[in-house]
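Below: the structure, in structure tokens.
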Amino acid sequence: MEGNVQQDTMKGLLKRYVWLIDIIYHNNGLTYNEINQKWRHSVLNETGEDLPLRTFHNHRKCIADELGVNIKCRTRGDYKYYIENDEDLQDDSPINWLAESLSARNLIEESKLLKGRIILESIPRGREFLSPLIEAMKDSHAIAIKYQRYNNEEVGPFLLKPYCIRLWKRRWYMVAQRLDQDDVQHHQPIKIYALDRIKEMTVTQTPFKLPKNFNSENYFNHSTGIIVYNDQPQEVNIRISNDQAPYWIYLPLHHSQQVIDQTETHTTFSFHIIITFDFIQEIMCWGRYIEVLQPLSLRKELYNMGKIIQENNILEVNKT
């Protein structure tokens, strides 16, 4: 019972921390009085009481220690509190994901009167493995898993060295390497495993060392999704109609994406990437609004895939 109370208290504090980060960040800084005023009207404040100055400073310290976000005060001028390292809230860092997720949850709780009018996407299973997986990564311990492939074949258990975790399109993935008895003689390739395909996971006491040359950001640097090929990146130019181009401008497909030409009807984007199946799928989603200018090999591949799709649909029409 006591453990549950402590757990609920920690959850409540974490919500407070994220709420505090969120309002300061999205308001470009606030004074303590402005923060206190917003706290009085927050759904997290069930009693409507003030946020004591001492409690506020305790929260600031815990946020810095536990989440790595530094809330500082401008000691000249407006005396507003601001996020010193706000760049950490502008990328794909774990703290940014956590802040966005809990901030959205707080907003939904504030909107209980709109029950049934806020629709969320379903998330596949696999989150139950996050906690033990993170612990294994922190302690550098191998994990044993049973895994179900997409052809429904179940394999394992086998040992893995978990290197990193990635969230992509509402699914969690793990980058890992097999740890077999003959691992020294036969170097195993790094592979990617979907957490929702894991049937069982056990954290072992078998230690492993993260390779010094492995960097998770570098590993995915030239990929647009979760698939990684051991190929050389190349320049890709894509022309998109201007009525669809804003989607690409405001939600870039890759960090290398640049606008290299713009006319009255079309916008041309360039990428420096490795062409993977993820990238091809993304292009095909845009259908007639998109044209690949280079490389020619990708243009030919899309043309052949389009012909197959057309033939398949013609056959279906004839059958009916």
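Taking CZ from Phe129 and OH from Tyr193, the interatomic distance works out to 14.5 Å, rounded to the nearest 0.5 Å. A distance of 8.0 Å separates CD1 in Ile192 from CZ in Arg166, rounded to the nearest 0.5 Å. To the nearest 0.5 Å, the span separating CG on Leu51 from CD on Gln37 amounts to 12.0 Å. To the nearest 0.5 Å, atoms CD (Gln234) and CG (Leu298) are separated by 8.0 Å. Atoms CD1 and CG, on Ile309 and Asn304 in that order, are 11.0 Å from each other to the nearest 0.5 Å. Separation of atoms NE2 (His254) and OG1 (Thr224) is listed at 7.0 Å; rounding is to 0.5 Å.
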Inset, instruction - Report the C-alpha distance between Thr31 and Lys80 in whole Å, list the side-chain angles of each, state the deciding distance to 0.1 Å, and finish with yes or no for side chain to side chain contact (heavy atoms under 4.5 Å, CB included). - result: CA-CA 4 Å; Thr31 65; Lys80 287 188 176 182; 3.7 Å; yes
Legend entry - Intermediate values then yes/no, side chain to side chain donor-acceptor pair (under 3.5 Å), Ser241 and Asp243: CA-CA 6 Å; Ser241 60; Asp243 57 340; 2.6 Å; yes
Inset, instruction - Any chance you could lay out the side chain to side chain contact (heavy atoms under 4.5 Å, CB included) test for Tyr147 and Leu160, step after step, and finish with the verdict? - result: CA-CA 11 Å; Tyr147 194 76; Leu160 287 175; over 6 Å; no
Inset, instruction - Could you walk me through whether His266 and Asp261 pass side chain to side chain donor-acceptor pair (under 3.5 Å), step by step? - result: CA-CA 8 Å; His266 292 83; Asp261 185 45; over 6 Å; no
Legend entry - Worked check of side chain to side chain donor-acceptor pair (under 3.5 Å) between Thr265 and Asn242: CA-CA 6 Å; Thr265 58; Asn242 279 344; 5.7 Å; no
Inset, instruction - Kindly determine whether Glu235 and His272 satisfy side chain to side chain contact (heavy atoms under 4.5 Å, CB included), including the steps that lead there. - result: CA-CA 5 Å; Glu235 295 299 317; His272 185 68; 2.7 Å; yes
Inset, instruction - Carefully, step by step, assess Arg54 and His57 under the rule side chain to side chain donor-acceptor pair (under 3.5 Å). - result: CA-CA 5 Å; Arg54 183 176 179 179; His57 288 308; over 6 Å; no
Inset, instruction - Could you please spell out the steps behind the side chain to side chain contact (heavy atoms under 4.5 Å, CB included) verdict for Ile280 and Asp278? - result: CA-CA 6 Å; Ile280 293 174; Asp278 291 332; over 6 Å; no
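Classified by interplanar angle (parallel below 30°, tilted 30° to 60°, perpendicular above 60°), the ring pair His59/Tyr17 is perpendicular. Classified by interplanar angle (parallel below 30°, tilted 30° to 60°, perpendicular above 60°), the ring pair Tyr247/Trp286 is tilted. Using cut-offs of 30° and 60° for the angle between ring planes, the Phe208 and Tyr163 rings count as tilted. Using a 30° and 60° split on the angle between ring planes, Phe271 and Phe279 fall in the perpendicular class, above 60°.
Met137 and Tyr219 fall into different hydrophobic clusters, where Ile, Leu, Val, Met, Phe, Trp and Tyr residues are linked whenever their side-chain heavy atoms come under 4.5 Å apart, directly or through other members. Phe220 and Leu210 fall within the same hydrophobic cluster, defined by Ile, Leu, Val, Met, Phe, Trp and Tyr side-chain heavy atoms under 4.5 Å apart, directly or through other members.
Under the 4.5 Å side-chain criterion, counting only non-hydrogen atoms from C-beta, His141 is in contact with Gln205. In this structure the side chain of Arg171 never reaches within 4.5 angstrom of the side chain of Ile226, judged on heavy atoms.
Counting all heavy atoms, side chain and backbone alike, Pro295 lies closest to Val292 at O-CG1, 4.1 Å. The nearest pair of heavy atoms linking Leu30 to Ile35 is CB-CG1, 3.7 Å. Shown here for Ile143 and Met174, the closest heavy-atom pair between the two residues is CD1-SD, 3.7 Å.
When the shell of 6.0 Å around CZ of Phe277 is examined, it contains 12 or fewer heavy atoms from other residues, nucleotides or ligands. Atom NZ of Lys38 is surrounded by 12 or fewer heavy atoms from other residues, nucleotides or ligands within 6.0 Å. Surrounding CD of Gln258 are at most 12 heavy atoms belonging to other residues, nucleotides or ligands under 6.0 Å away.
For Tyr81 and Tyr32, the ring centers sit 6.0 Å or farther from each other.
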